[in-house]
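First comes the structure, then the notes that go with it.
In what follows, every chain begins at residue 1, and chains take the letters A, B, ... in the order their sequences are listed. Small disclaimer: the values here were computed from a predicted structure and weren't measured.
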Protein chains: 2
Amino acid sequence: MPLRVELMRQGGQTGNSRPLYLQIRDKLIERIRSWQWRPGEPIPTEPKLAEQYGVGHGTARQAVGELENEKLVVRIQGAGTFVFQHTPKNVMSRFFSFFDTAHGRIKPGSRRATVVVAKANAQERRELDLDARARVIRINRVRTRRDRPFMIEAISVPESLFRGLADSEDIPDTLYDLYQRSHRIHVLRTEDHVTAVAADRAAARTLGVRTGMPLLKIESVAFAIGDERVEFRVSLCHLDKAYYLAQHK
Amino acid sequence: MPLRVELMRQGGQTGNSRPLYLQIRDKLIERIRSWQWRPGEPIPTEPKLAEQYGVGHGTARQAVGELENEKLVVRIQGAGTFVFQHTPKNVMSRFFSFFDTAHGRIKPGSRRATVVVAKANAQERRELDLDARARVIRINRVRTRRDRPFMIEAISVPESLFRGLADSEDIPDTLYDLYQRSHRIHVLRTEDHVTAVAADRAAARTLGVRTGMPLLKIESVAFAIGDERVEFRVSLCHLDKAYYLAQHK
DNA sequence: CAGTGGTCTAGACCACGTG
DNA sequence: ACGTGGTCTAGACCACTGC
C-alpha cells in the first residue's frame with residue numbers, strides 16, 4: 001500500500017500556506033538526513049514521489065530541484081536521482097582550495113596524525129555550539145606538498161557526533177567522506193576565517209621555515225544538514241608559489 | 001508590431017537542439033549586456049517575453065529563472081523583473097569580505113587615491129588578457145578602518161574599457177557600481193588568490209606596522225558578463241582582530 | 001482593481017542510460 | 001525496449017505591488 005502524506009494545501013484556512021514543493025523538499029531532506037536513503041542510493045523516481053505525496057509531477061520535480069541546488073542529490077538523466085555521496089575526489093575539489101601557482105590544485109599528503117579526546121576549550125565550545133561539559137576529538141596532522149610539510153591542521157569535532165572516530169586505525173587524507181560514510185554526517189558547506197600570522201617556534205620547526213615567517217591561518221567551521229556545526233579546524237599554511245583560492249559571486 | 005524571433009526548435013534536423021529556454025536566456029543576456037535594458041529598469045513581463053519569442057509562458061519563465069540564478073536580474077512578485085543594479089551597499093556585502101572579529105563587516109574608508117595611466121606590465125597583461133601594447137588605468141589607495149589605515153589597494157583596469165575613468169574627480173568607496181553606471185561593465189564574480197607575505201618598508205610605513213609584519217595579500221580578478229576579465233586588484237591587509245571571509249559550498 | 005511574478009496541474013514528447 | 005530525468009505547452013489560480 002502506497003505511503004500517502006498529508007500536506008497543507010494552499011486553500012487551507014490556517015494561513016499556513018508554505019508552498020507544497022517546499023514542504024515536500026523538507027520531507028525529502030529529512031528522509032536523507034535520517035539515513036532512510038543512503039549516500040549513492042537512488043531516491044524514488046519523480047512520478048513515484050508525485051504519487052506518494054499526491055501532487056502533480058511538476059511539483060515533485062520542483063522539490064527535487066531544490067535538493068539538487070543544495071547539492072543533497074545528483075540527477076542523472078536516464079538513470080535516476082541519487083543521494084550525494086562524498087568521495088575523496090569530490091571533497092578535494094569542493095573544499096580543499098589550495099593551488100600551486102604553476103600546476104593547479106595541490107594534492108596534499110599527510111603525516112604524523114595524532115588523535116586525542118579532551119574537554120572542549122572555550123573556542124571549541126563557541127565555534128561548535130557546545131555546552132560547558134562537552135568533549136571533543138582532536139586530530140592533529142601535518143600536510144605535505146611534494147613530500148615536504150606545508151600545512152599544520154588542528155581539527156576538532158564533538159565527541160557526541162563522532163563516537164568511535166578516536167579509535168580509528170589511521171586518518172585518511174579527506175575527512176568529509178569518512179564523516180558521511182561512518183558517522184552519517186553530511187557536510188554541506190564551510191566558512192573560513194583567514195588571517196596572516198607570524199610562525200612561532202614550533203610551527204616554524206614543523207614547516208621548516210624561519211620563526212616569524214608569514215603564514216596563512218585559516219579558522220574553518222563545517223556545517224552539516226540543518227546548518228549544524230560539526231567541525232572546527234585551524235590550518236597554518238606556508239604558501240610558497242602557492243595560494244588559497246576564494247570566489248565571490 | 002510585435003518583435004518575433006526565430007529559435008531552433010527541438011524538432012529541427014540540424015542536431016542543434018540547445019533547449020529553447022537557454023537560447024532565450026542568451027538573447028536576454030545580450031539585451032542586458034548591450035544596454036538595451038539598463039540597470040534598475042524592468043524587463044518585459046513574462047507573458048510578453050513568451051509572446052515575443054513564441055513560446056509557452058513556462059519556457060519564458062524558465063529563461064528568466066536562469067538570469068535570476070546568475071544574478072543578472074531581480075524578480076519582485078507583483079512588481080516585475082528588474083536588471084540587477086549594483087549599489088554601494090550591495091557591492092560591499094557581496095564583494096567586500098573583511099570582518100571585524102567582534103563587530104561584523106568592516107565599513108572601510110578611503111584615503112590618498114591616485115590615478116595614473118600606463119602601459120600594462122606583464123602581470124596585468126596576463127591577468128587581464130591584454131596584448132603587448134595595451135594600456136591600463138591604475139588606481140592606488142589606502143583603505144581605513146576606524147580611521148586608521150589597514151589595507152593598500154592597487155587596482156588595474158584596461159584603459160580600452162574604462163575611457164574617462166582616469167579623469168574622475170575622486171574615486172568612490174565602491175567601484176563596481178561606478179563601473180556599471182559609467183562604463184557599462186557589469187561585474188558578476190571575483191576570484192581571489194590569497195597568500196601571506198611580510199610587510200616591506202613602504203607597506204609597513206603606510207600601514208603603521210613594523211617591517212616584516214605578516215600581511216594578507218589578495219590578488220583578485222573581477223569578471224563581467226561573458227566571463228570577461230575587467231579588473232585586477234592587489235590588496236595588502238593588516239588584519240588586527242579582523243579576518244577575511246571565504247565560503248565553500 | 002489590474003497586472004505582476006509564484007505555484008500547481010496534466011499531458012505530450014525528447015534525450016539519455018541501462019539492461 | 002523501457003524507464004529515467006529534461007523540455008515544453010496551456011491553463012488555472014494564488015500572493016503580492018502599485019495605482
Side-chain angles (χ1 to χ4, degrees), chain A residues 4-28 37 40-69 71-84, chain B residues 4-28 37 40-69 71-84:
Chain A
R4 275 271 181 166
V5 185
E6 279 315 312
L7 301 172
M8 286 286 177
R9 243 60 201 190
Q10 284 191 115
Q13 291 147 350
T14 58
N16 182 352
S17 64
R18 196 140 179 275
L20 281 178
Y21 76 91
L22 287 180
Q23 297 180 50
I24 295 171
R25 178 206 86 122
D26 293 348
K27 293 182 186 293
L28 298 181
W37 301 321
E41 287 181 1
I43 72 173
T45 68
E46 288 169 5
K48 276 179 188 152
L49 287 174
E51 203 216 336
Q52 278 182 22
Y53 290 103
V55 300
H57 60 253
T59 303
R61 189 168 164 68
Q62 210 174 343
V64 174
E66 291 294 312
L67 296 197
E68 188 182 30
N69 289 339
K71 293 208 175 81
L72 276 163
V73 300
V74 175
R75 293 209 268 214
I76 301 179
Q77 183 176 160
T81 300
F82 304 85
V83 178
F84 186 93
Chain B
R4 275 271 181 165
V5 185
E6 279 316 313
L7 302 171
M8 286 286 176
R9 243 62 200 189
Q10 284 190 117
Q13 291 146 348
T14 58
N16 182 351
S17 65
R18 196 139 179 273
L20 280 180
Y21 76 92
L22 287 180
Q23 297 180 50
I24 294 171
R25 177 206 88 122
D26 292 347
K27 293 181 186 293
L28 298 181
W37 301 323
E41 286 181 2
I43 72 172
T45 68
E46 288 169 5
K48 276 179 188 154
L49 287 173
E51 204 217 335
Q52 279 182 22
Y53 290 102
V55 299
H57 61 253
T59 303
R61 191 169 163 66
Q62 211 175 342
V64 175
E66 291 294 313
L67 296 197
E68 188 182 30
N69 289 339
K71 293 207 173 81
L72 277 164
V73 301
V74 175
R75 293 208 268 214
I76 301 178
Q77 181 175 160
T81 300
F82 305 84
V83 177
F84 186 93

Find out whether [X] and [Y] are in side-chain contact, i.e. whether some heavy atom of one side chain is under 4.5 Å from a heavy atom of the other.
X: B:Phe82; Y: B:Val73; result: no
X: B:Trp37; Y: B:Thr81; result: no
X: B:Val55; Y: B:Ile24; result: yes
X: A:Arg61; Y: A:Tyr21; result: no

Report yes if a side-chain nitrogen or oxygen of [X] is closer than 4.0 Å to either non-bridging phosphate oxygen (OP1 or OP2) of [N]; otherwise report no.
X: B:Arg61; N: C:dG6; answer: yes
X: B:Tyr21; N: D:dC8; answer: no
X: A:Thr59; N: C:dT9; answer: yes
X: A:Arg75; N: D:dT4; answer: no

Checklist outcome for this item: Sequence neighbours excluded, the answer for side chain to side chain contact (heavy atoms under 4.5 Å, CB included) partners of B:Leu22 is B:Arg18, B:Pro19, B:Arg25, B:Glu66
Next on the checklist: Checking B:Phe84 now: which residues fulfil side chain to side chain contact (heavy atoms under 4.5 Å, CB included) with it, not counting sequence neighbours?
Outcome noted: B:Val74, B:His86, B:Asn90, B:Arg94, B:His186
Item to check | Partner set under side-chain hydrogen bond (donor to acceptor under 3.5 Å, both in side chains) for B:Asn69, not counting sequence neighbours | outcome: none
Item to check | Sequence-distant partners of A:Arg75, side-chain hydrogen bond (donor to acceptor under 3.5 Å, both in side chains), two or more places apart | outcome: A:Glu46, A:Glu68
Kindly give the atom pairs (protein nitrogen or oxygen, nucleotide nitrogen or oxygen) under 3.5 Å for nucleotides 16-18 of chain D.
{"unit_1": "D:dC16", "atom_1": "O4'", "unit_2": "B:Gln77", "atom_2": "OE1", "d": "3.4"}

What's the [atom1]-[atom2] distance between [X] and [N], to the nearest Å?
X: A:Glu46; N: C:dC8; atom1: CD; atom2: P; value: 16 Å
X: A:Leu20; N: D:dA12; atom1: CG; atom2: P; value: 20 Å
X: A:Arg18; N: D:dC14; atom1: CZ; atom2: C1'; value: 17 Å
X: A:Gln62; N: D:dG5; atom1: CD; atom2: P; value: 16 Å
X: B:Ile43; N: C:dT4; atom1: CD1; atom2: C1'; value: 12 Å
X: A:Tyr53; N: C:dC8; atom1: OH; atom2: P; value: 15 Å
X: B:Phe82; N: C:dT4; atom1: CZ; atom2: P; value: 11 Å
X: B:Leu49; N: C:dG3; atom1: CG; atom2: C1'; value: 15 Å

Checklist entry - Taking it one step at a time, do B:Leu49 and B:Val64 satisfy side-chain contact (heavy atoms from CB on, under 4.5 Å)? => result CA-CA 9 Å; B:Leu49 287 173; B:Val64 175; 3.8 Å; yes
Checklist outcome for this item: Picking from D:dG11, D:dT7, C:dG6, the nucleotide nearest the side-chain atoms of B:His57 would be D:dG11
Item to check | Terminal axes of the helix from C:dC1-D:dG18 to C:dT18-D:dA1 (five pairs each): angle between them, nearest 10 degrees | outcome: 10°
